[in-house]
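Report on the structure given below.
Side chains are part of it too, since the values below use all heavy atoms of this structure and drop only hydrogens, waters and symmetry mates. Every chain is numbered from 1 and lettered A, B, ... according to where its sequence line falls, protein lines coming before strand lines.
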Amino acid sequence: MRSSSAVERLAGRLSELAGAPVELERPQDPAHGDYATNVALQSAARHRRPPRELAAELAERAATLEEVERAEAAGPGFLNLWLTTAWLGEALAEIGPDYGSGSAERRERVQVEMVSANPTGPLHVAHGRNGAYGDSVARLLEYAGDEVQREYYYNDSGTQMGRFRASVDAVRRGEEPPEDGYRGAYITDLAALRGDPVPPMLAQIEQTLERFRVHFDSWALQSELQQRLDDYLPRLDTYEKDGAVWARSSAYGDDDDRVLIRSADVGGGPTYRAADVVYLADKLDRGFDRAIYVLGADHHGTRNWYASIARMLGYDEQRVEVLLYQLVHLTRAGAQTKISKRRGDVVFLDEFMDEVGVDAARWFLVSRGPDQPIDIDVDLAAERTQKNPVYYVQYAHARIAGILRNAEGHAIGGDAPPELEREERDLIKRLTDFPVVAAEAAERRAPQGIPIYAIRVADDFHRFYHEHRVVESETEAFRLGLCRATQHVIARCLDLIGVEAPERM
RNA sequence: GCGCCUGUAGCUCAGCGGACAGAGCGGCGGCCUUCUAAGCCGCGGGUCGGAGGUUCGAAUCCUCCCAGGCGCACCA
């Protein structure tokens, strides 16, 4: 059972009056009220009446609600509302640490598979984007009420892995890595160890991810999944051609048919696509309602592939969701640096964190929409550390922590005074937006909405702080409550994107 | 050639059906004997790539065109 926020309850009451679902929005222009709705515009056609007339009627009825101070029809047919300070006080009072959680319509068991880089080298910044994005989506879903498992999928037996091992072996023999192999300082480091270089490489990757605050619950291995292909072949639509076994995926929505088992003349054996089939079925059979894949845009071609095998295997394709994010382009001192693990000159995620810090790294990689490519001039990113908005938001949190320290032992959370200051009203209204912001970010898989909103909150708080004293003011208890509520919301925003909320700066 | 994504202020990007299009950075000018100046206030800046269409209403939806990125393996 989910609890509704004050804004939702208000919208519900207005919906009854209007006889249609009311969505409240926050107008940009303060002259348009605290909240506004366009129901009259929406339903005018259905009622075959002028929207302004409907809005005027609704305004009259809305004015009778006790929480509404004033209601008026405006513009082409908007309904503008001003709320009482008592209502704002109540809305503020319900803001706790978990404000806005549990918004999911129906709670699901969700698996988010992300990063999934094969252990041929250290993670680079593009993997960081995958992790920052995927993990933030996972956090948003958890906050909304879903049960989320984070999984990492990798291969330790494919062609690339062979080249990786051969490169390490070559260095161990004192030779150069093969032409198509991997090189760099990390290869030399691995060559100094004994045995298979894959486990230590994987351990290093996990360590990097933990530092990046992305924690995995489970790890899936391609070679294990491949072995179970025979169990699934009967459920698939396949045929033989040129000595290979093909999936008839084009009949299920993919652009082409795909090879599942190679022909003998190229060595035979299952392809990675064979593992895809087993893995997808395995995920859904493990009891997840939904399997989310987080992939770089260079893998967009696999979207139709996954959908087609879901269909072929008889699963509801809605349960499979592929999230794509555009690539990260790195520049150094203005010149484009091509990301390639096989060269030694790339910027690794660890280096990136060294240069800009974990908080700024996560903030930066998640604050652009996934469809937007990210350009990072690494030198500039390091320089700009002080200017990064993440510090602006963290500073607001630390400032509040300071105020609350100064007010230790004082009463927190008194009733709202009869007249609120403009900055107080603005801040409270901003805070009451949070449940909608968090819910939309989760539904749209769009975590970038969180940092943007957090900047707005910090904005409103800094302005309030600048204009009004908290400690030893006439409304101290109320203002302390306002500060604490703001701190809760900022801390939650930062947590949802994996950034720390410092007590001091 | 086909597919996916992008084109919004000098730069980096929000906004993705509503009332005059926003922020950060950069530029200029103010504000600290009071809870952290990593802060606040003010000034400038845009034919929302182009053309049609749908709608009471479009940066937002549809079509076409132009420009850029990324894909189109018996590699993962």
Exercise for the section: Could you give me the CA-CA distance, side-chain angles and deciding distance for A:I450 and A:L140, then say whether side chain to side chain contact (heavy atoms under 4.5 Å, CB included) is met? Expected result: CA-CA 10 Å; A:I450 299 296; A:L140 282 163; 4.1 Å; yes

Exercise for the section: In whole angstrom, give me the gap between the C1' atoms of B:rG27 and B:rC4. Expected result: 39 Å

Exercise for the section: Sticking with atom C1', work out how far B:rG49 lies from B:rC66, rounded to a whole angstrom. Expected result: 8 Å

Completion exercise
Heavy-atom nearest nucleotide on RNA chain B taken for A:D371 and for A:D256; more 5' hit belongs to A:D371

Handout entry: A:F461/A:Q487 under side chain to side chain contact (heavy atoms under 4.5 Å, CB included): CA gap, chis, key distance, verdict
Key = CA-CA 10 Å; A:F461 175 75; A:Q487 193 185 30; over 6 Å; no

Let me have the donor-acceptor pairs involving side chains of residues 467-476 of chain A, under 3.5 Å, with sequence neighbours excluded, atom names and distances please.
from	atom 1	to	atom 2	distance (Å)
A:H468	NE2	A:E423	OE1	2.8
A:R469	NE	A:V471	O	3.3
A:S473	OG	A:V470	O	2.8
A:S473	OG	A:E476	N	3.3
A:T475	OG1	A:R479	NE	3.4
A:E476	OE1	A:H410	ND1	2.8
A:E476	OE2	A:H410	ND1	3.2
A:E476	OE2	A:E472	N	2.7

Which part of the nucleic acid does [X] contact within heavy-atom distance under 4.0 Å: base, sugar-phosphate only, or nothing?
{"X": "A:L260", "value": "nothing"}
{"X": "A:R456", "value": "sugar-phosphate"}
{"X": "A:Y392", "value": "sugar-phosphate"}
{"X": "A:R469", "value": "base"}
{"X": "A:D242", "value": "base"}

Problem - Sequence neighbours excluded - salt bridge (Lys or Arg N to Asp or Glu O under 4.0 Å) pairs with any residue from residues 23-44 of chain A - result: A:R26-A:D433, A:D34-A:R425, A:D34-A:K429

Problem - Within residues 258-270 of chain A or reaching into it, pairs that qualify as salt bridge (Lys or Arg N to Asp or Glu O under 4.0 Å) - sequence neighbours excluded - result: A:D254-A:R258

Practice task
Under 4.0 Å from any atom of RNA chain B, heavy atoms only: list the residues of residues 433-451 of chain A that qualify, in numerical order.
Solution key: A:R444, A:Q448

Fill in the blank from the handout: Residues in residues 30-40 of chain A with a heavy atom under 4.0 Å of RNA chain B, by number, are A:H32, A:A36, A:N38

Exercise for the section: May I ask you to verify whether the side chain of A:D276 and the base of B:rA76 hold a donor-acceptor pair under 3.5 Å? Expected result: no

Exercise for the section: Identify which nucleotide among B:rA21, B:rC5, B:rC74 has an atom closest to any side-chain atom of A:Q28, counting heavy atoms from C-beta outward. Expected result: B:rA21

Handout entry: Base-paired stems in RNA chain B, each at least three Watson-Crick or G-U pairs under 3.5 Å
Key = B:1-7 with B:66-72, B:10-13 with B:22-25, B:27-31 with B:39-43, B:49-53 with B:61-65

Completion exercise
Given the 90°-from-0 boundary between syn and anti, B:rC11 should be labelled anti

